[in-house]
Amino acid sequence: MNLNLSASLNIFKLIAKPSLCLPHATVATFDDLPVPLNKAFSTKDRQVDIKAVVLDKDDCFAYPERNEIYEPYKHRFEALRAAYPGRRLLIVSNTAGATSYDVNGKLASEVQKGTGVDVLPHAVKKPGCGDEILAYFRQHPETGVTSPNQIAIVGDRLATDMMLANMMGSWGVWVKDGVVPLEQKSIFSRIERKLAPYLLSRGYSAPGPSSPFE
């Protein structure tokens, strides 16, 4: 069983501040991601400089319990790798690399081999692993990341991926439809598809990304 204590504990933050689960940008599928991701957030009055991208795996660019990139998304995945080479592209999953689930790191190794992208080993599951992600980029200054607002989080879940982005002070891109057909998604995923438009209709919006590392 893949329990997520981090999500359970952070639900109280979400109740207090519902906007924490909202994305800064939304796409239907991974194949609709703009590359570079600056395009998702920049406007005439605001220029955003995304230096690194954190990707969710399951129902984002891959089927759950699969370690390879979903075939129709391979071209987009390679475009992301080209735009964010080396350690500037990072996979953070609540399965592969989550040490409470992927105890011996076997899944992380398989995903890394299948994608050519680093998979972060993390003790705390999303949305609570922001400190571990930021520590990774501090340890790798060659990425050029000096602030959380230079990082974009891409994922299919509001209560984990988008909440992670907002708690970190980063940008969030919600992959709304994902890979799995709607009728096969979990009840939580289906609820989230109604939650986002409901919150937006009530005037909520995603918090603005934050300042440099301290």
Side-chain angles (χ1 to χ4, degrees), residues 1-8 21 23 25-35 37 40 52-84 87-122 124-129 132-133 151-165 172-196:
M1 186 177 294
N2 190 12
L3 297 175
N4 190 346
L5 180 61
S6 173
S8 300
C21 75
T26 301
V27 295
T29 71
F30 187 85
D31 203 40
D32 298 307
L33 284 173
V35 180
L37 276 181
V53 177
V54 173
L55 297 177
D56 176 42
K57 179 182 79 74
D58 297 322
D59 206 14
C60 181
F61 68 81
Y63 263 100
E65 301 182 8
R66 304 272 182 89
N67 298 323
E68 67 275 4
I69 303 161
Y70 181 51
E71 183 67 35
Y73 299 165
K74 285 187 174 180
H75 179 75
R76 185 68 56 176
F77 197 95
E78 288 307 312
L80 268 179
R81 283 189 66 192
Y84 302 97
R87 297 183 187 276
R88 294 178 64 195
L89 191 61
L90 178 68
I91 295 170
V92 180
S93 168
N94 274 350
T95 53
T99 56
S100 61
Y101 181 78
D102 184 18
V103 178
N104 59 9
K106 180 181 178 183
L107 292 176
S109 295
E110 291 174 351
V111 172
Q112 189 160 326
K113 182 179 179 180
T115 62
V117 174
D118 279 3
V119 178
L120 182 73
H122 53 105
V124 181
K125 289 185 177 180
K126 295 181 288 185
C129 60
E132 292 172 273
I133 294 171
I151 303 169
I153 311 291
V154 178
D156 70 299
R157 294 295 310 278
L158 297 179
T160 54
D161 302 305
M162 296 305 100
M163 192 169 178
L164 167 67
V173 182
W174 182 33
V175 180
K176 182 171 65 72
D177 296 338
V179 182
V180 178
L182 179 60
E183 62 274 12
Q184 296 177 23
K185 291 184 186 296
S186 71
I187 183 64
F188 301 107
S189 294
R190 282 179 277 170
I191 288 172
E192 286 181 347
R193 289 173 63 88
K194 297 180 180 180
L195 178 63

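Below, each value reflects all heavy atoms present in this structure, side chains not excepted, and no hydrogens, waters or symmetry copies.
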(message) Tell me whether Asp161 contacts the main-chain N or O of Ala165 through its side chain, where contact means a donor paired with an acceptor under 3.5 Å.
(response) no
(message) Can you list everything that forms a side-chain contact (heavy atoms from CB on, under 4.5 Å) with Asn67? Sequence neighbours excluded, please.
(response) Lys57, Leu107, Glu110, Val111
(request) Apply side-chain hydrogen bond (donor to acceptor under 3.5 Å, both in side chains) to Asp56 and list each qualifying residue two or more places apart in sequence or on a separate chain. (result) Lys126
(request) Quick one: list whatever passes side-chain hydrogen bond (donor to acceptor under 3.5 Å, both in side chains) with Ser189, sequence neighbours left out. (result) Ser186
(request) Please list, chain by chain and in numerical order, all residues satisfying side-chain contact (heavy atoms from CB on, under 4.5 Å) with Tyr63, sequence neighbours excluded. (result) Arg66, Tyr70, Val179, Val180, Pro181
(request) Give a yes-or-no answer on whether the side chains of Asp58 and Thr95 include a donor-acceptor pair shorter than 3.5 Å. (result) yes
(request) Just jot down the side-chain hydrogen bond (donor to acceptor under 3.5 Å, both in side chains) partners of Lys74, sequence neighbours excluded, or say none. (result) Glu71
(message) Once rounded to the nearest 0.5 Å, what's the spacing between atom CG of Leu80 and atom CG of Leu89?
(response) 6.0 Å
(request) With sequence neighbours left out, write down each residue that passes salt bridge (charged side-chain N to carboxylate O under 4.0 Å, His left out) with Glu132, or none if nothing qualifies. (result) none
(request) Please name all residues satisfying side-chain hydrogen bond (donor to acceptor under 3.5 Å, both in side chains) with Arg88, sequence neighbours left out, ordered by chain then number. (result) none
(request) Mind jotting down which residue pairs meet the salt bridge (Lys or Arg N to Asp or Glu O under 4.0 Å) criterion with at least one end in residues 178-189? Sequence neighbours excluded, please. (result) Asp59-Lys185
(request) State which residues pass salt bridge (charged side-chain N to carboxylate O under 4.0 Å, His left out) with Asp31; sequence neighbours excluded, sorted by chain then number. (result) Arg76
(message) The criterion is side-chain contact (heavy atoms from CB on, under 4.5 Å); which residues satisfy it with Asp177, sequence neighbours excluded?
(response) Ala28, Thr29, Arg193
(message) Val175: which residues meet the side-chain contact (heavy atoms from CB on, under 4.5 Å) condition with it, sequence neighbours left out?
(response) Val27, Cys60, Val154
(request) State which residues pass salt bridge (charged side-chain N to carboxylate O under 4.0 Å, His left out) with Arg87; sequence neighbours excluded, sorted by chain then number. (result) Asp118, Glu142
